[in-house]
Enquirer: 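Can you read through this structure? Questions will come right after.
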Amino acid sequence: MTIDRSGTPLVEMRNMSISFGGINAVDDVSVDLYPGEVVGLLGHNGAGKSTLIKMLSGAYKPSGGQIFVDGNPVQIHSPRDARELNIETIYQTLALADNLDAASNLFLGRELISPLGFVDDAAMEAETRKIMGRLNPNFRKFAAPVSALSGGQRQSVAIARAVYFNARILIMDEPTAALGPHETQMVAELIQQLKAEGIGIFLIDHDVHAVMELCDRASVMKNGKLVGTVDIPDVTDDDLLSMIILGKKPGEDANAD
Amino acid sequence: MNNILTKLPFVSNVRFRDAGTLVGLLLIALVFSILSPSFLTMPNIGNILQQSSINACIALGMTLVIISGGIDLSVGPVAALSATLGAAMMVAGVPVPIAMLGAIAVGVSCGFVNGALIAWGGLQPFIVTLGGLSLYRALALIYTGGTPIFGIPSEFRSIANGAVMGVPTPVIIVAILALIAWVVLTKTPLGEYLMAVGGNPEAARVAGVPVSLTKISAYMISGALASIASLILIGRLGAAEPTLGNLWELDAIAASAIGGASLMGGRGSIVGTLLGCVILGALRNGLTLLNVQAFYQLLATGIIIIVAMLIDRATSGK
């Protein structure tokens, strides 16, 4: 499937910068994402890829740069702001409250409220059963706290949360790192399904193979700077690796300095 | 066994734990009813409930704070400060309902200060409320010069000393407060937020839960309930001592823990806490009926708390 990049990008992060205690964690980085596209963000630990994306999800406030959604400049000060722009994040640490059940986690911060102002547990569980039936039909543990679930089941709860709330821009932080082969395949199929629905996905990973497999483009970062953005069909695993390690785009002379 | 039960639709972990606390209470009641014929009589059960009601009032707020991952060591001094200020207002001729609201406002304000220092100031709950423990006590002592305030109007005292159909008013008041706390915890977004903030504050934050406001609310509720407990007490005693509420925080924490609240946050139950209060109350009452010395009562209380925690540990499977 080819991606139509002639129109307005779904999201564009232009000249983003942020520093912590004088260190430039992200330095003048620009990336964009089109509908139905998966863009991989690659780099070593500390390259700045997670920091970059946390400015999009509202966890960090940028010190420079501008974010555009559908071509319009937006201000994202909190996770709530991001959600109102239909930006949803699935964190590496599977940010679920272990002591709550699947439905409570799915609706955390956005509980369904009955007309009397109370939390509508029955409606939330019914909705959870519906969405999980679509994403992971084998899921049964609706009443148990999520601490009782496997890694894959927890991942499916996290993805269900994003999908249920009509994510248009999905941020996935190493979505398959904690999963076995079967569950990884399940997530890969899910990503294809989300692409077909026109959702754009930023996929943060440091596994080159996962990015080659799942992504349409890849943006590589090193030491807080953008090395370059490449089309996946045009590059090899080794090209990406040399970008990550040497900080050079393919074609540039790796031995120049 | 726990796992099998949680697969049944209407049995959750919390209710399973509450059933355990109830069994503990029934065992204690059984032992005392064998040893003392007057233990299981209606007047004595009324006594136990009445004696437990002030601790229960404090423990309701403590449970919410503990669920949110915090602790409130300042409840006793907050109670003393709001009692003395409330009593002073009444003595000065302020209408009773307004003086009561004033006292509760004092408690809420103390709770807000605690919560703000914790949530916005980033300080640890234990240290902040330990500071509050000294601070609010000092304010109460400074304000009163260390002497009790007498002359509390009889119209106010009759509220705390009355009974409706044989049930003492304090028990009814605390039962209503407990019902409200239960509804808040299990049926409202605030309850979900308290559980989520205590269970995984980072997950709660990225999910868009207002983490700071949730924590502050818990301390404000705890402060309000401490004030109400102190109003019940001064209504019964007829005087407001600046030293009242000494060690209240420990009884409230004990009752919450016996009732299944985890000091790590994210777990706790209103029903369990109430049962925990009655367990502590029944224990003291029963030992007094048996003429056991106060020193041994203290010993028994300590043993019950530790045994309850050991059983909790053994049955939770972790």
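Reckoned from all heavy atoms, side chains included, excluding hydrogens, waters and symmetry mates. Throughout, a chain's letter reflects where its sequence line sits, starting with A, and its residues are numbered from 1.
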Enquirer: I'd like to know which of A/Ala82, A/Ala59, A/Pro79 tops the heavy-atom pair count under 4.5 Å against chain B.
Expert: A/Pro79
Enquirer: Return the CG to CG distance between B/Asn200 and A/Asp98, rounded to the nearest 0.5 Å.
Expert: 6.5 Å
Enquirer: For A/Ile23, does the CD1 atom have more than 12 heavy-atom neighbours from other residues, nucleotides or ligands under 6.0 Å away?
Expert: no
Enquirer: Tell me which one of B/Met195, B/Met264, B/Arg267 satisfies side chain to side chain contact (heavy atoms under 4.5 Å, CB included) with A/Asn99.
Expert: B/Met195
Enquirer: From A/Ile113 CD1 over to B/Thr188 OG1, what is the distance, rounded to the nearest 0.5 angstrom?
Expert: 8.0 Å
Enquirer: Below 4.5 Å from any heavy atom of chain A, which atoms of B/Ser262 appear? Answer side chain, backbone, both or neither.
Expert: neither
Enquirer: To check you understand the geometry: which heavy-atom pair defines the closest contact between B/Pro189 and A/Gly117, and what is its length?
Expert: CD-O, 4.2 Å
Enquirer: May I ask you to name which of B/Gly208, B/Gly199, B/Ala207, B/Pro210 has the most heavy-atom pairs under 4.5 Å with chain A?
Expert: B/Ala207
Enquirer: Which atoms of B/Val183 are under 4.5 Å from chain A, going by heavy atoms: the side chain, the backbone, both sets, or neither?
Expert: side chain
Enquirer: Is A/Leu100 in contact with chain B via its backbone, its side chain, both, or neither, using a 4.5 Å heavy-atom distance?
Expert: side chain
Enquirer: Are more than 12 heavy atoms, taken from residues, nucleotides or ligands other than A/Gln193, located less than 6.0 Å from that residue's CD atom?
Expert: yes
Enquirer: So which of A/Ser104, A/Ser114, A/Gly58 has the largest heavy-atom pair count under 4.5 angstrom toward chain B?
Expert: A/Ser104
